Amino acid sequence: QCKPLRTQPLDLDDSPSRMASLRLVAAAVCAGVCTAATVSTASTDAPYELGVGIADATGPISDVLMMGMANPAQINAGIHTRLFARALAAHDPKTGKRFVFVSLDAGMGGIVLKNRVMKLLAERLPGMYTDDNVGISGTHTHSGPSGFLQDTIFQFAGSGWVPHTIEAMVNGVVNSIVAAHNALAPAKASIAIGELANASINRSPSAYLLNPEAERAQYTGDTDLNMTVLRIDSADASPTPLGMFTWFAVHPTSMNNTNKLVSGDNKGYASYMVEKMQNGGTAKGAPPGTGRFVAAFGSTNLGDVSPNIMGPHCRDTGLPCDFDHSTCNNRTEQCSAVGPGKDMFESTEIIGQRQVDAAMELFTKTADLGGGVDFQHAYVKMPGLTVNDPDTGAPVGTLCTAAMGDAFAAGTIDGPGEFDFTQGANSSNPFWKFIVDLIHKPTPEEERCQEPKGILLPTGDINFPYPWGPDVLPVQLLRLGQLAMIVAPTELTTMAGRRLRSRVRAELVKNGVLSASEGVVVIAGLANGYADYTTTFEEYQQQRYEGGSTIFGPHQLNAYIQEFTKLAVAMGTNTPAPTGPPPQDFSNRLSNSTSLSEDHLPSGASHFGAVVTDVQPTYPVGGGAVVSASFAGANPVNNLKPDGTFAEVQRCASAATPCTEWSTVAVDADWETRVHITKSKVDVINTARTWEVQWHVPASATAGVYRLVHHGTAYSKPLIGAGKLTPFSGFSSAFTLH
């Protein structure tokens, strides 16, 4: 069980010497249970108003490339779990300061997303929120739809610009913020910190070993085991738990690059399970996305951290991959890592459940955070920025024009690349170098600036048809009592995150913002924008995947330290931080059409919702059975069912035969359901869709009569006149669990 490391106030400085006191996790704790450190302050009065909110942010579940793996074959075709936006609003009545933080089930945040959210918030909550006090962090699931990042490099990695994706994300984020804002009431915040073992491995361990030995010796291992749990409770006479916001470093890549079902991955599973425990779940009238309690499992310094803890092996031979380069016979394609389960679904569940178990232990051991709400925000032009040494203040160099290295194309053990690129190899593939040079050849100055990176794509120099990469980035600090959030637009590696946290915390303590004994700093990653990875200077030298994706060169981490410490100083002096102009938003130049195409019936179906393949009459109770039925369906973008469902599992609630009353026990956002969409040709041009609804019967299911249901919306377009949307539902035959 998680147990307090001590009861007296704990100095939570993230410097190596301080972190040594948190390292009491035994190697034998193979189930991932953590030890905990609590933070104590004497205040018992509610020093602020807090509110939590949740809203559906699920985008297209068919025909769109997933965002994250850049695998051109990973075009989504169904749904496993829905994607949600989870918001925390904070307001200090004494100072009038407020902020809202959102953890979004998505690959990352983005400039366009933030801008469009702010535009809608100005209409729905005028005068409440600005660009400065809203933070939007992506959980980094790699099983959500692409199409919401404007930079061309990310459009190549996905399905281009997909208006349905960005629209769903914006609406979900805004709805969650409005819900959190409307729920603002006197509340208490408390926190606990622990370490979670056996839920992560470092996927670039050879690069990590390049960090100074003395620095590495101060930590438990080569992944950041810290789990931080922020607890929110009402401040009334009988406090009610309202929410949990949790940060733990692990990639949501338990679902691998063959997955085609939209999913929140292991962090989405963790959120789902905690909310189900607290709210009751679908069978008790609180399906996912509803209920009072909100549980967010956010991203932090997960850059080099994989959930696939069985480690990298060659798929063809079963042997371990090469340590330095993650290759098999000098090729990357066969080297990949797997999780602890029999398949990616079970691995997602195991890694997610370990986070749940640790977080719930910590949730019972939190201590008060103290008062105060604050924020700082700035935009920074990265290329050409002079970077100073954080110790001496002496200049160490300037940031480079953005460029992706050869190792970027090699991929990782979570999703290896193609085309014979290798991690840790700094010379370009001659064929692809020739192709890229036709687009834009990097200058000798750019090549020197990025050394030892071999430049594959000089993204900062390419502007046709639109800019290929970011150049101006948002940096932000949010503070709730003794908790400060570094809201960063990047994926920091383990050691990069440790250094950034330590430096920012020291500056906040120095400027009187945080207590030396009680202040806590977390990183909320992939937030407000996205600019790939950030390694330490030492890790950059090996040019593993993360180093090849550190786009502004070897001094990028020190640049972030420099700019975030400026925000810490500004917070201490209560003055706005200096800022540059915001980045260009050119999304209005992209295609924003959300036009629909006519739906067609699969062969043999007489109407939408018709049963194509029915259920069996009986299935056994006790778990393990898979109930399945398929239906004549339509394009899901006709109606993405925000806060609704494409599928239901219903149980008969009457004694009549046939059944006259049904109750819902599972929906498409529940872990036990899966929906697969297949397309078939109707003629040379047109296609039809068949929806298979699966219920993976849980062990908790009781004997009784059930049926599967599919809900959809069909679009028809006559030769003359406007198109028409027609909702429909299809019902399987009743079946019995016995």
Side-chain angles (χ1 to χ4, degrees), residues 51 53 55 57 85-92 95-104 106 108-138 148-151 166-167 169-181 184 298 373-382 385 467 470-480 484-490 504 523-531 560 563-564 566-571 573-588:
R86 296 174 172 89
L88 168 66
H91 175 234
D92 186 340
T95 65
K97 289 187 177 181
R98 67 177 70 240
F99 73 75
V100 65
F101 172 75
V102 180
S103 179
L104 173 66
M108 59 282 292
I111 292 295
V112 178
L113 171 65
K114 178 77 177 289
N115 289 346
R116 296 191 181 188
V117 164
M118 297 316 303
K119 182 179 179 181
L120 277 183
L121 284 179
E123 299 172 3
R124 297 184 62 179
L125 298 172
M128 293 290 105
Y129 299 101
T130 69
D131 200 22
D132 294 345
N133 65 358
V134 174
I136 306 170
S137 170
F148 57 92
L149 297 177
Q150 64 177 353
D151 297 310
I166 186 71
E167 183 179 86
M169 292 170 67
V170 169
N171 289 336
V173 170
V174 171
N175 289 338
S176 73
I177 291 174
V178 171
H181 178 85
L184 281 169
V373 172
D374 208 350
F375 59 88
Q376 287 286 342
H377 180 279
Y379 286 112
V380 180
K381 174 87 169 178
M382 299 295 276
L385 180 70
D471 60 352
V472 175
L473 295 179
V475 290
Q476 185 181 48
L477 283 181
L478 303 176
R479 182 177 70 84
L480 180 65
M485 286 182 261
I486 298 171
V487 186
T490 184
V504 171
I523 294 168
L526 302 108
N528 294 336
Y530 183 64
Y560 278 121
E563 298 307 311
F564 276 107
K566 288 180 182 178
L567 297 187
V569 171
M571 189 171 282
T573 58
N574 198 29
T575 56
T579 184
Q584 178 189 11
D585 184 338
F586 52 87
S587 61
N588 62 337

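Numbering of residues begins at 1 and proceeds along the displayed sequence. For clarity, every value in this text was computed on a predicted model and none was experimentally measured.
Judged purely by atom type and a 3.5 angstrom limit, Thr573 uses its side chain to pair as donor or acceptor with the backbone of Val569. For the pair Ser103 (side chain) and Arg86 (backbone), a donor-acceptor distance under 3.5 Å is absent. Judged by distance alone, the side chain of Ser137 and the main-chain N or O of Leu526 form no donor-acceptor pair under 3.5 Å.
Checked by atom type, the side-chain pair Asn175/Arg124 shows a donor-acceptor distance below 3.5 Å. There is a side-chain donor-acceptor pair under 3.5 Å between Asn528 and Gln476.
Note that the NE2 atom of His377 and the CG atom of Leu567 stand 9.0 Å from one another [nearest 0.5 Å]. To the nearest 0.5 Å, atoms CD1 (Ile486) and CG (Leu478) are separated by 11.0 Å. Here OG of Ser587 is found 13.5 Å from CZ of Phe148. Values are rounded to the nearest 0.5 Å. The CG atom of Leu120 sits 10.5 Å away from atom CG of Leu125, with the distance rounded to the nearest 0.5 Å. Remark: Asp132 CG to Phe99 CZ distance equals 14.0 Å, nearest 0.5 Å. In this structure, CZ in Arg116 is found 13.0 Å from CD1 in Ile111, a value given to the nearest 0.5 Å.
Contact annotation: the side chain of Leu385 approaches that of Val380 to within less than 4.5 Å [non-hydrogen atoms, C-beta and beyond]. The shortest side-chain heavy-atom distance between Asp374 and Thr95 does not fall under the 4.5 Å cut-off. Side chains of Gln150 and Asp585 form a contact here, defined as non-hydrogen atoms less than 4.5 Å apart. No side-chain heavy atom of Val487 sits under 4.5 Å from any side-chain heavy atom of Leu477. Side-chain contact between Tyr560 and Pro489 is present, with heavy atoms from C-beta onward closer than 4.5 Å.
Side-chain rings of Tyr129 and His181 approach one another, their centers coming within less than 6.0 Å.
Residues Val102 and Ala85 approach most closely at CG1-CB, 4.1 Å, considering heavy atoms. Minimum interatomic distance between Gly53 and Ala180 (heavy atoms only, all atoms of both residues): N-CB, 3.6 Å. For the residue pair Ala90 and Leu184, the shortest heavy atom distance occurs at N-CD2, 4.2 Å. Contact between Met108 and Met169 at its shortest, heavy atoms only, is O-CE, 4.3 Å. Here the shortest heavy-atom pairing between Val100 and Ala87 reads CG2-CB, 4.2 Å. Taking every heavy atom of both residues into account, Ala57 and Gly172 meet most closely at CB-CA, 4.0 Å.
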Worksheet entry | Pair Ile136-Leu113, side chain to side chain contact (heavy atoms under 4.5 Å, CB included): steps then yes or no | CA-CA 9 Å; Ile136 306 170; Leu113 171 65; 4.0 Å; yes
**Residue pair Leu149, Tyr530: steps toward the side chain to side chain contact (heavy atoms under 4.5 Å, CB included) verdict** = CA-CA 8 Å; Leu149 297 177; Tyr530 183 64; 4.2 Å; yes
Please step through side chain to side chain contact (heavy atoms under 4.5 Å, CB included) for the pair Lys381 and Asp471, ending with a clear verdict.
-> CA-CA 6 Å; Lys381 174 87 169 178; Asp471 60 352; 3.0 Å; yes
Inset, instruction - Go through the steps to decide whether Phe375 and Arg479 satisfy the test side chain to side chain contact (heavy atoms under 4.5 Å, CB included), and finish with yes or no. - result: CA-CA 6 Å; Phe375 59 88; Arg479 182 177 70 84; over 6 Å; no
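Partners of Asp131 according to the salt bridge (charged side-chain N to carboxylate O under 4.0 Å, His left out) rule, which considers only residues two or more places apart in sequence or in another chain, are Lys114. By the side chain to side chain donor-acceptor pair (under 3.5 Å) test, Lys566 pairs with Glu563, sequence neighbours left out.
Among Asn133, Asp92, Asn574, the one residue that satisfies the side chain to side chain donor-acceptor pair (under 3.5 Å) test with Lys97 is Asn574.
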